[in-house]
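Data block below; observations after.
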2 protein chains.
Amino acid sequence: MPSHEFQAHDHSHCVSDAMNAALVHCEKNGLKFTPVRQRVFEILLSEHKAMGAYDILEILAKEGMGSQPPVVYRALDFLGTHGFVHKIEKLNAFVACEHPGSDHDPAFMICRSCTKVVEMNGSPNSEISSAAKSMGFEVEAIVVEAEGLCPTCQDTE
Amino acid sequence: MPSHEFQAHDHSHCVSDAMNAALVHCEKNGLKFTPVRQRVFEILLSEHKAMGAYDILEILAKEGMGSQPPVVYRALDFLGTHGFVHKIEKLNAFVACEHPGSDHDPAFMICRSCTKVVEMNGSPNSEISSAAKSMGFEVEAIVVEAEGLCPTCQDTE
DNA sequence: TGAGGGCTTGATATACTATAACAGTTCATA
DNA sequence: TATGAACTGTTATAGTATATCAAGCCCTCA
């Protein structure tokens, strides 16, 4: 009985756990986890889906936390650099990382129906890296994004 | 002694071979390989690197083949649909496919130094699909993009 | 304690990427 | 030759991202 993020779960835990992990990581490493940065992370955590920068900005603006693109892009840049959020290249959108603090190349599953995005367990990065190495290519970062249907949306189609 | 596209090679062959393959494929399938479409494909073939749509458009415009974005995006859409070019999501750019006509989910190596892009042999898509399947996710399309340094640029750094 | 420096934020402007919508043309074929 | 489907031309606009400069905050070290 696999338990993972496509299924129903106590979401408030996801949010608070990840936020705590991020706070601890910032504390440890002397990073400034400012209000805007925290709020952007929180917004992304509160959904299990990718959000565009301008969607996030809209929420920030309503709350009086800044209304111009650089505000949110700078926050996303900080969060991305420190592994708290990932960019989904295929969607030009962003998702909160489910294990903040650990440096890793994630692999994603994107449901084209409900737009939920979930990080894959055991991403096949080492195989990709070694395949590349056999062609003399030195890999530094990998993007893996699988688009398709999540369990729920398979049923309802 | 591996021979692949990062190394020096008779590039005119790449171009003419791929173009011929595309012509044959279109002929067989009743597709209209119009001048604009051919020219866009040719432009992409003539480089081993990803080009932005507007870079291509600029060349087209100089040659009097259309000066507005939809011209190039429509051509790219056609070429993409039929597997002649691929989009590099990470770069918002496009590359010519090296085996046009065969429907496949490609995996790419992108050199961050010289910006050359090469398709990987034996992409690990089946492993990604089965990893996803074990989480109940049905994969329809996969993006794999490895960024790093090509053999040449490793030497010169 | 206060001057300097580094980082963060605010604000304006602009660059880059992509598509919607409609009019006009071409071309195969009924 | 009328018709319809697909392609092209054109205008307009939507969506994504960054450069730049000014201003504020906070730490620290003389």
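Naming convention: chains lettered A, B, ... in sequence-line order (proteins, then strands); numbering from 1 in each chain. Everything quoted here is computed from the prediction, not taken from an experiment.
A/Q154 places a side-chain N or O within donor-acceptor distance of the main-chain N or O of B/G136, the cut-off being under 3.5 Å. In this structure, the side chain of B/D77 does not engage the main chain of B/Y73 through any donor-acceptor pair within 3.5 Å. For B/E147 (side chain) and B/R112 (main-chain N/O), no donor-acceptor pair under 3.5 Å exists by modelled atom type.
Near-neighbour residues of DNA chain D inside residues 52-71 of chain A, defined by a heavy atom below 4.0 Å, number-ordered: A/Y54, A/P69, A/P70.
Here the straight-line distance linking atom OG of B/S46 with atom CZ of B/R39 works out to 7.0 Å at 0.5 Å rounding. Considering CG of A/D105 and CG of A/N125, their distance stands at 5.0 Å, rounded to 0.5 Å.
In this structure, B/N92 does not reach the D/dT16 phosphate: none of its side-chain N or O atoms is under 4.0 Å from OP1 or OP2. Within the 4.0 Å cut-off from OP1 or OP2 of D/dC7, at least one side-chain nitrogen or oxygen of B/R37 is found.
B/L31 places its CG atom 12 Å from the P atom of D/dA6, with the value rounded to the nearest Å. The CD1 atom of A/I88 sits 14 Å away from the P atom of D/dT16 (whole-angstrom rounding). Distance B/Y73 OH to D/dG15 P: 15 Å, rounded to the nearest Å.
Interface limits on DNA chain C: the 5'-most and 3'-most nucleotides within less than 4.0 Å of chain B heavy atoms are C/dT17 to C/dA21.
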